[in-house]
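Notes follow the structure.
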Amino acid sequence: MAEQAAGAGSTAAPSPPPPKKLWADVEFGDELEALTVTEPEKKQQQQEEEEDLVDTSPAETGGSKTLKFVGALEAETEIKKVVADDTPYTSAKSFEDLKLSPELLQGLYSEMKFEKPSKIQAETLPMIVTPPYKNLIAQAHNGSGKTTCFVLGMLSRVDPKMKAPQALCVCPTRELVIQNEEVVLRMARYTGVTTASTANADSNSLSTSSSRLGKIVDQVVIGTPGTLKRWMTKDRILETKHIKILVFDEADQMLAQDGFQDDSMRMLKNIERSHVNLQVLLFSATFSDQVKDFAMRTIPRANYIFVEKEALSLDVIKQYKIHCPTSSAKIDTLKDRIFPAAEKLGQSIIFVRTRGSASELHKRLEADGHKCTSIQGGLTHEERDRVIREFRSGRTKILIATDVLARGFDQAQVTLVVNYDIPVKNTHPYEPDYETYLHRIGRSGRFGRKGAAFNLLVNEQDERNLRKIERHFNKMIPDVAWDDDNGIEQVLKDAGLA
DNA sequence: AAAAAAC
């Protein structure tokens with residue numbers, strides 16, 4: 001792709017080029033998030049009243065130690081918002097409320113086609129863009145518009161005239177880096193802000209980034225932890241002294257001990273050394289209690305927004321379990337029952353546990369004449385990019401993936417997720433991985449669209465793990481018979497998909 | 001006893 005050939009240095013967009021279609025004809029769901037306002041009028045009024053109450057209430061004293069509880073904004077979704085001090089925030093009813101630059105507003109309206117802030121945007125954006133630019137830990141449902149929150153946060157704070165990195169966004173996968181960079185580039189279209197990303201750098205095989213480039217002059221830098229760390233330390237091409245805002249996307253994974261905690265902490269410390277008031281933003285759909293504790297200790301004096309875990313398993317995604325007597329019944333169920341129904345619907349992602357099973361399942365399905373592709377971390381970057389490009393364009397309907405794609409991947413056409421393997425932690429014995437489960441099924445049903453998820457169970461351990469998942473989210477997951485194709489058709493009809 | 005990044 002042309003933009004990759006440009007390398008890590010500059011994907012500059014000073015004057016608006018003719019609208020270029022990214023990812024072929026596929027739109028990012030983000031475009032829709034601000035348009036879909038499902039919130040009933042009454043509820044919104046109620047919310048505004050609560051906000052007003054908060055804003056007019058006498059300021060409490062006591063400094064940063066006393067957290068002020070703002071209250072459940074919306075009883076049904078159990079959102080808990082707490083501000084770290086007495087800064088009054090009013091939720092943004094329009095993007096104009098945020099005092100953004102005209103260029104940025106133009107990007108929001110004419111490029112992104114946004115009309116008004118989504119719910120999470122209305123709540124978090126004032127916290128992000130209002131001085132004194134406090135830290136924020138924010139949890140919001142899958143597909144509710146988190147990306148826009150932190151991208152707008154970064155863009156509203158950088159100075160296009162200063163040719164140095166001022167905003168840094170760290171993501172867990174290459175695919176997410178690319179996706180987020182696309183959003184930044186589109187939103188920044190009229191601002192003159194440029195971006196650098198680790199994905200551009202390492203897909204270019206001409207040379208390594210360090211030998212080819214001088215210091216990065218782009219205002220917004222997006223990347224995966226390993227390369228970013230190298231850019232800061234060994235290569236010394238990423239200057240951190242002007243960075244004002246640091247974003248962790250999929251923050252719970254970035255801070256998890258078995259995730260990227262070490263890299264993230266090192267980067268944070270590295271940047272903080274030269275910053276008195278670095279603004280740190282954490283965004284994710286999930287925060288396990290353990291990671292939540294760690295995040296709140298690590299990012300002190302932060303505003304935060306959390307959602308009860310029960311409220312996260314969205315009812316828009318219909319979930320089912322299918323008991324399969326044997327492993328071969330599992331693959332038959334996939335081929336003979338699920339695929340015929342799925343192919344009519346849109347696109348599907350089949351999640352498996354290991355790299356090996358991803359390519360093995362891919363081979364077996366292909367040998368049986370099923371058109372599909374697979375992606376996992378063992379592929380080369382070029383192969384990964386190609387697979388994603390084909391899926392984005394709609395040329396492939398069925399994508400087999402490891403958890404490389406479990407989080408953040410935003411493709412509106414995905415209507416069906418299959419957990420060919422139930423997500424488990426790497427513990428003795430396997431425990432279900434609740435967060436990964438939620439992220440996986442959240443690849444479907446983006447922005448209030450319909451979606452369905454099938455869990456294939458083959459042994460007692462699978463059964464146990466799914467029961468635990470049901471209990472954890474306090475959600476009954478109904479059965480479908482493995483050998484009854486009418487059953488699956490019927491269920492998809494119930495889900496509003498067939 | 002995995003996956004993600006990257007050495």
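Every chain is numbered from 1 and lettered A, B, ... according to where its sequence line falls, protein lines coming before strand lines. Side chains are part of it too, since the values below use all heavy atoms of this structure and drop only hydrogens, waters and symmetry mates.
- Rounded to whole Å, atom P of dA4(B) lies 14 Å from atom CG of Leu176(A).
- For the pair Ile375(A) CD1 and dA2(B) P, the interatomic distance rounds to 20 Å; values are reported in whole Å.
- Closest contact between the side chain of Asp258(A) and the listed nucleotides dC7(B), dA3(B), dA5(B) involves dA3(B).
- At least one cation-pi condition fails for Lys425(A) and Tyr430(A): the charged atom is not both under 6.0 angstrom from the six-membered ring centre and inside a 45 degree cone around its axis.
- In summary, Glu431(A) and Lys468(A) engage in a salt bridge, as defined by a charged side-chain N under 4.0 Å from a carboxylate O.
- Distances were taken from every side-chain heavy atom of Arg230(A) (C-beta onward) to each of dA4(B), dA2(B), dC7(B); the shortest belongs to dC7(B).
- Arg407(A) comes within 4.0 angstrom of no nucleic acid atom, judged by non-hydrogen atoms across all strands.
- Counting non-hydrogen atoms under 4.0 angstrom, Asp403(A) reaches nothing in the nucleic acid.
- Rounded to whole angstrom, the span from the CZ atom of Phe409(A) across to the P atom of dA4(B) amounts to 15 Å.
- In this model, the phosphate group of dA6(B) is approached by a side-chain N or O of Thr224(A) to a distance below 4.0 Å at OP1 or OP2.
- In summary, the aromatic rings of Phe306(A) and Phe287(A) are positioned with their centroids under 6.0 Å apart.
- Residue Arg355(A) contributes atom CZ, which lies 10 Å from atom C1' of dA5(B) at whole-angstrom precision.
- Across dA3(B), dA6(B), dA5(B), the shortest atom-to-atom separation from the side chain of Thr227(A) is found for dA6(B).
- One cannot find a donor-acceptor pair under 3.5 Å joining the base of dA3(B) and the side-chain atoms of Asn426(A).
- Between the CG atom of Leu228(A) and the C1' atom of dA4(B) there is a distance of 15 Å, given to the nearest Å.
- Among residues at least two apart or in separate chains, side-chain hydrogen bond (donor to acceptor under 3.5 Å, both in side chains) pairs with a member in residues 327-336 of chain A are Thr326(A)-Ser328(A), Lys330(A)-Asp421(A), Lys335(A)-Asp368(A).
- Look at Thr402(A) and you'll find a side-chain N or O under 4.0 angstrom from OP1 or OP2 of dA4(B).
- Between Leu379(A) atom CG and dA3(B) atom P there is a gap of 12 Å when expressed in whole angstrom units.
- Per the geometry, NZ belonging to Lys425(A) stands 15 Å off C1' belonging to dA3(B), to the nearest Å.
- Atom CG of Asn419(A) is separated from atom C1' of dA2(B) by 15 Å (rounded to the nearest Å).
- If you check every strand for non-hydrogen atoms under 4.0 Å, Arg384(A) touches sugar and phosphate atoms only.
- Remark: the Thr396(A) side chain and the Glu390(A) side chain contain no N/O donor-acceptor pair separated by less than 3.5 Å.
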